[in-house]
Each structure stands twice: as C-alpha cells, then as structure tokens.
Undergrad: 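The structure's right below; bear with me while I get my questions together.
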Amino acid sequence: MSHPYLKDLNHEPSSPSYSPQFLRRQSQAPVLSLARRKYPRPSLHDLESAISAPSSVSFVIVRHPFERLLSAYRDKIYNSLPNTIHRALSSAILRKYRPLAATKSTSRRATFEEFVLYLLDTFRSNETGLDMHWAPVVQFCTPCLINFNVILKFETLQEDQRYLIELTGLSHLIKPEWINEGKGGSTNQMIGKFYSELSADQLYQLYNVYK
C-alpha cells in the first residue's frame with residue numbers, strides 16, 4: 001500500500017540506474033525504496049555469516065525516541081527543502097490541521113504540535129509507509145534478533161564511537177567524527193521547548209507509540 005503523500009511510480013524505469021532528471025521528477029517518491037532496488041539489503045545468510053565471524057564486532061546505534069522524533073521534525077519538516085517529499089508532507093499537514101494558514105505564502109511549515117497530531121492520527125489508522133525518520137525503529141530494524149557486541153547511544157556518541165574504534169583496533173584508519181549538527185541549536189538543548197507545546201495526553205499517546 002502506498003503512502004498517501006507519495007507519487008505513483010508507474011513511470012519508474014526498469015533499470016536500477018536513475019538519472020538526475022528522473023530523480024528530480026520523484027520529488028514525492030519513496031527514495032529509500034529506489035535506493036534499495038539499486039543497492040539491495042544483504043541476505044540473512046550473508047548477515048549471519050558476517051556476524052558469526054570470529055573477527056567481527058556487531059554494533060547498533062540507538063537514540064531516545066522523543067529526541068529522535070524532534071530531530072526528524074526539525075530536519076525534515078521545519079527545514080524541509082522545496083520540491084521534496086518532506087516539504088509536500090509539511091504542506092499536507094498544514095492543509096489538514098491549519099487550513100487557513102496553508103493558503104498563505106508566509107506560513108508553509110507545520111508546527112511541532114501539528115506534526116505530532118499527524119503522527120498520532122497516522123498510527124491510529126494503522127497506515128503503512130511511514131517515513132523511516134520517525135517510524136518506530138522496530139518497524140525497519142530487528143534489534144532483538146541480533147546479539148550485538150556493542151550498543152552505542154546517540155546522546156553520548158562522541159565518547160562511544162571512540163570506544164568502538166579502539167575495540168576494533170581501527171584507530172589507525174578511523175577517527176571520531178561528528179558531521180551532522182542541527183540548525184539553530186542541538187536537539188538536546190531544544191527538547192524542553194518543543195515538547196512543552198504538547199498536552200499531557202499527547203505526550204502519553206506518543207509514549208505508547210514509541211515505548
């Protein structure tokens with residue numbers, strides 16, 4: 001089933017090689033699915049073989065769901081780029097939850113509360129095709145099926161990545177790096193401001209979605 005804000009892909013080329021012109025036409029297309037067709041996931045057998053190798057170190061990076069959700073809103077909705085799937089989604093949220101504002105050129109961004117209302121309505125309707133940036137992590141990852149050697153936390157990633165690099169003996173090849181800083185202050189600094197806009201009931205509903 002397609003997400004209601006995604007374009008029809010009937011004109012997708014049969015070849016997994018996508019030209020810049022084709023990708024520009026897919027401004028509302030599920031880009032992740034296009035990428036997966038070109039670069040498929042490894043098979044379960046390949047993954048199991050890699051993880052069971054004596055020299056391998058398996059790890060996963062986790063983040064508090066509420067911090068991850070706010071980061072996704074700020075990056076993908078509030079700071080969405082023109083002619084992208086997320087700008088289209090922001091406009092659709094405005095049309096549904098603040099229709100008068102949606103008609104004004106000066107108000108094109110859904111607020112955090114409106115974004116949360118959209119999420120809660122989406123989860124209640126059991127809608128499929130959720131964006132991977134705010135879908136519960138268990139919908140596209142299987143953290144309970146792998147006995148990871150290391151679990152890194154995004155909140156302490158600078159320290160944790162140093163530990164992982166030392167553990168794997170790769171310090172001569174890899175250096176700790178942080179290249180995806182948010183705009184207008186860190187998410188951790190802004191989390192109190194944004195979540196204070198929500199009611200206690202909305203917070204409780206979000207908790208039940210991501211618990």
Side-chain angles (χ1 to χ4, degrees), residues 1-9 23-35 61-141 153-155 157 179-211:
M1 181 183 296
S2 298
H3 192 285
Y5 304 115
L6 302 183
K7 269 189 179 177
D8 190 312
L9 290 180
L23 291 175
R24 277 195 292 270
R25 291 199 303 271
Q26 307 307 312
S27 60
Q28 297 184 34
V31 178
L32 178 62
S33 65
L34 297 178
I61 302 174
V62 300
R63 190 176 193 180
H64 191 288
F66 279 11
E67 185 169 315
R68 173 173 167 258
L69 180 64
L70 177 56
S71 177
Y73 164 75
R74 296 178 68 204
D75 185 43
K76 303 302 179 184
I77 301 298
Y78 189 80
N79 291 311
S80 61
L81 298 175
N83 303 314
T84 62
I85 179 177
H86 295 110
R87 176 61 64 85
L89 176 57
S90 181
S91 298
I93 293 172
L94 272 178
R95 287 195 299 272
K96 181 173 182 180
Y97 299 101
R98 195 160 30 116
L100 292 179
T103 63
K104 300 178 181 179
S105 60
T106 57
S107 183
R108 296 179 179 175
R109 295 164 172 168
T111 66
F112 183 59
E113 182 182 14
E114 289 164 346
F115 174 63
V116 168
L117 289 173
Y118 153 76
L119 281 178
L120 294 176
D121 285 344
T122 301
F123 286 117
R124 275 193 291 267
S125 64
N126 294 317
E127 200 170 288
T128 60
L130 289 171
D131 190 294
M132 65 179 293
H133 294 93
W134 48 77
V137 68
V138 293
Q139 289 192 7
F140 61 90
C141 188
K153 294 181 65 177
F154 189 89
E155 291 82 358
L157 191 55
I179 60 175
N180 192 30
E181 294 189 35
K183 302 175 184 177
S186 72
T187 298
N188 183 264
Q189 294 170 333
M190 305 294 288
I191 197 165
K193 172 184 179 297
F194 280 89
Y195 278 93
S196 66
E197 300 172 5
L198 306 181
S199 68
D201 182 60
Q202 289 169 336
L203 284 170
Y204 182 70
Q205 290 182 66
L206 275 182
Y207 165 76
N208 282 317
V209 167
Y210 291 101
K211 66 179 178 180

Undergrad: To the nearest 0.5 Å, what is the distance between CD1 on Ile191 and NE2 on His64?
TA: 7.0 Å

Undergrad: Evaluate Val116 against Leu198 for side chain to side chain contact (heavy atoms under 4.5 Å, CB included), listing each step before the verdict.
TA: CA-CA 9 Å; Val116 168; Leu198 306 181; 4.1 Å; yes

Undergrad: Applying side chain to side chain contact (heavy atoms under 4.5 Å, CB included), run through Leu117 and Gln202 and close with a yes or a no.
TA: CA-CA 8 Å; Leu117 289 173; Gln202 289 169 336; 3.5 Å; yes

Undergrad: To check you understand the geometry: which heavy-atom pair defines the closest contact between Gln205 and Leu120, and what is its length?
TA: CB-CD2, 3.7 Å

Undergrad: How long is the straight-line distance from CZ of Arg74 back to CG of Leu69, given to the nearest 0.5 Å?
TA: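 Nearest 0.5 Å value for the CG-CZ distance: 12.5 Å.
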
Undergrad: For Glu67, enumerate each residue passing the side-chain hydrogen bond (donor to acceptor under 3.5 Å, both in side chains) test, keeping only those at least two apart in sequence or located in another chain.
TA: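 Checked Glu67 against side-chain hydrogen bond (donor to acceptor under 3.5 Å, both in side chains); matches are Arg63.
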
Undergrad: To the nearest 0.5 Å, what is the distance between CG (Asn208) and CG (Leu203)?
TA: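 One gets 11.5 Å once the value is rounded to the nearest 0.5 Å.
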
Undergrad: Would you please name every residue forming a ring-ring contact (aromatic ring centres under 6.0 Å, His included) with Phe112, sequence neighbours left out?
TA: Tyr73, Phe194, Tyr195

Undergrad: Within a strict 4.5 Å, meaning less than it, do heavy atoms of the Leu119 and Tyr210 side chains meet?
TA: yes

Undergrad: Report the distance from atom OG of Ser90 to atom CZ of Arg95, rounding to the nearest 0.5 Å.
TA: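 Between Ser90 OG and Arg95 CZ, I get 10.0 Å after rounding to 0.5 Å.
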
Undergrad: Does the pair Thr187 and Phe154 meet the rule for a side chain to side chain contact (heavy atoms under 4.5 Å, CB included), with working shown?
TA: CA-CA 11 Å; Thr187 298; Phe154 189 89; over 6 Å; no

Undergrad: Let me confirm one number: the CD-OG distance from Glu113 to Ser199, rounded to the nearest 0.5 Å.
TA: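 Spacing of CD (Glu113) from OG (Ser199) equals 7.0 Å.
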
Undergrad: Test of understanding: with side-chain hydrogen bond (donor to acceptor under 3.5 Å, both in side chains), list the residues that count as partners of Arg87, not counting sequence neighbours.
TA: Ser80

Undergrad: Which residues pass the side chain to side chain contact (heavy atoms under 4.5 Å, CB included) test with Glu114, not counting sequence neighbours?
TA: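 Residues passing side chain to side chain contact (heavy atoms under 4.5 Å, CB included) with Glu114: Ile93, Leu94, Tyr97, Arg98, Ala110, Thr111.
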
Undergrad: What pairs of donor and acceptor atoms, side-chain ones from residues 132-141 against any protein atom, are under 3.5 angstrom apart with sequence neighbours left out?
TA:
{"residue": "His133", "atom": "ND1", "partner": "Asp131", "partner atom": "OD1", "Å": "2.6"}

Undergrad: Donor-acceptor check, side chain of Ser196 to backbone of Gly192, threshold 3.5 angstrom: yes or no?
TA: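 Yes, the answer is positive, given that a donor and an acceptor are paired below the 3.5 Å cut-off.
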
Undergrad: Under the side chain to side chain contact (heavy atoms under 4.5 Å, CB included) rule, collect the residues that match up with Lys153, sequence neighbours excluded.
TA: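 Applying side chain to side chain contact (heavy atoms under 4.5 Å, CB included) to Lys153 gives Val62, Glu155, Thr156, Asp160.
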
